[in-house]
Chemist: 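Before I ask anything, here is the structure I am working with.
By convention in this document, chain letters (A, B, ...) are assigned in the order of the sequence lines, proteins followed by strands, and residues within each chain are numbered from 1.
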4 protein chains.
Amino acid sequence: MSITIQLAEKIAEAAKAKAKEIGVPMNIAIVDEGANLKSFHRMDNAWLGSIDISIKKARTARFFDMPSGEIGKLSQPGGPLYNIEHSNGGLISFPGGVLIKDGDTIIGAIGVSGGSVDQDHAVAEAGASVFKK
Amino acid sequence: MSITIQLAEKIAEAAKAKAKEIGVPMNIAIVDEGANLKSFHRMDNAWLGSIDISIKKARTARFFDMPSGEIGKLSQPGGPLYNIEHSNGGLISFPGGVLIKDGDTIIGAIGVSGGSVDQDHAVAEAGASVFKK
Amino acid sequence: MSITIQLAEKIAEAAKAKAKEIGVPMNIAIVDEGANLKSFHRMDNAWLGSIDISIKKARTARFFDMPSGEIGKLSQPGGPLYNIEHSNGGLISFPGGVLIKDGDTIIGAIGVSGGSVDQDHAVAEAGASVFKK
Amino acid sequence: MSITIQLAEKIAEAAKAKAKEIGVPMNIAIVDEGANLKSFHRMDNAWLGSIDISIKKARTARFFDMPSGEIGKLSQPGGPLYNIEHSNGGLISFPGGVLIKDGDTIIGAIGVSGGSVDQDHAVAEAGASVFKK
């Protein structure tokens, strides 16, 4: 099972709605099970630097099948994955990347960037949870 | 004047409708006046290799304020811009990248990849022409 | 509103005057609202390694619409944006990148490198403040 | 002897004057004898894609101590330097890059991009010739 563009749009819509609710314009990237970009939206006035970060967060989540922020806990100085961010053309290892699942099957990931990492994560979760409903 | 996400979505919708009409799944990228990504959609079953190509086509069109295919006419062996594709982190100089204009003002560009270059160009034009109506 | 070359030159002149005042040769880069390079000057005897750093500082400031040094406060080990520098082809997250504003509208950014970070920031501020007068 | 910022500015001014005379906005890059960027100016409405091209032209000229267009004559299919553009992070091998000389001593190079290659070359020559007068 692969993520469809229709589903990606639904997920992006839910993320955008959450972003509007909290009043922070976001960059929202969705990748498929192959970690390849499926959809991207930059809301008006969202940070330019977050284009790349949102895509990297989504890819990082799918690369290691966990939320992007989990990687960051392990990549600190002295940690087991210190500076793993140098791999794969650049990882982003702080929160905002979340897996998209169909039951137990991972079908993609969403990456969000534009606010604080807590806001980014909340918007990513709002997107990813659409499929669970 | 900058391209809004609402306008980008309208343009992408028109491009997708054209792609469906001709029966070819496409990658559709839209950049703003600064050549920064605004939106991206990969239709189901569209080529993975066209993710990057569609983005580069949109950027190429905005980089030189002309359809991407015009660059390719000049970049052939023996031509005046031979191997210009090595600049800017990689250009795509065949058709499928088209400017988005508000009257005479360039506000962005659309890049399409997934079919023949004629099909790509037709889908890009269908997207870009939304704004003219 | 976009930054003009005339304004960029004024800003660079003011930055150079400040650099001379404090006696430190600087690299001075100015980008437009799309984070694309508008002007660059390397003063005589300024560090070669600061060419790239000054450009990246200007881009970093515009990427996140804040002084570059603010990013660095958040990107330390254990901080919320740890290793964000791996994004966007490389960020510089210490001081020396400052926004250029027309009232409340961001029209670009200036990045300065060649001295201590406090000196870099002071020279960038001297440049950016020209427009406020 | 190294190119000074004062001389670089004189050269850039002469190039800009020529660009205005022929009515084509240009990107103008100047590198020193080490092929490192010394100054850069993007005239208003000049192509965004020419930022990188003007810098690469100046570097290409200094890398091989000849006008950038001479490289292009040798890099064609079947030629002795076929696809040399892949080196050095990307070369631009069509006209517009010209050496800056103090008598017989090479002290830098100028790269111009924004018009036809003939226009680019003419503007680069106008800049480089300042020093000869």
Chemist: Under a 3.5 Å distance rule, please check whether B:Asp120 uses its side chain to pair with a backbone N or O of B:Gly96 as donor and acceptor.
Modeler: no
Chemist: Which of residues 77-84 of chain B have a heavy atom under 4.5 Å from any heavy atom of chain D?
Modeler: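 At a heavy-atom separation under 4.5 Å, chain D is reached by B:Pro77, B:Gly78, B:Pro80, B:Leu81, B:Tyr82, B:Asn83, B:Ile84.
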Chemist: With a 3.5 Å cut-off and no angle check, do the side chains of B:Ser50 and B:Ser113 form a donor-acceptor pair?
Modeler: yes
Chemist: Using a 3.5 Å distance criterion without hydrogens, assess whether the side chain of D:Ser68 forms a donor-acceptor pair with backbone atoms of D:Gly97.
Modeler: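 Checking the backbone N and O of D:Gly97 against the side chain of D:Ser68, a donor-acceptor pair under 3.5 Å is found.
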Chemist: Are any non-hydrogen side-chain atoms of D:Ser75 and D:Ser93 less than 4.5 angstrom apart?
Modeler: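 In short, these two side chains touch, coming nearer than 4.5 Å.
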Chemist: Given heavy-atom pairs under 4.5 angstrom as the criterion, report whether the side chain, backbone, both or neither of D:Ile55 touches chain B.
Modeler: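 Contact with chain B is absent: no heavy atom of D:Ile55 under 4.5 Å.
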Chemist: Which heavy-atom pair separates B:Ile5 from B:Lys38 by the least distance, and what is that distance?
Modeler: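 Residues B:Ile5 and B:Lys38, closest heavy atoms: N-CE, 3.5 Å.
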Chemist: Give the member of B:Ser87, B:Gly34, B:Ala35, B:Gly89 that has the highest number of heavy-atom pairs under 4.5 Å with chain D.
Modeler: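 Going by pairs under 4.5 Å, I would pick B:Ser87.
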Chemist: Show the atom names and distances, to 0.1 Å, of all donor-acceptor pairs under 3.5 Å that link a side chain in residues 18-31 of chain B to residues at least two apart or in another chain.
Modeler:
{"unit_1": "B:Asn27", "atom_1": "ND2", "unit_2": "B:Trp47", "atom_2": "O", "d": "2.9"}

Chemist: Check step by step if salt bridge (Lys or Arg N to Asp or Glu O under 4.0 Å) holds for D:Asp104 and D:Lys101.
Modeler: CA-CA 6 Å; D:Asp104 284 342; D:Lys101 290 182 175 186; 5.8 Å; no
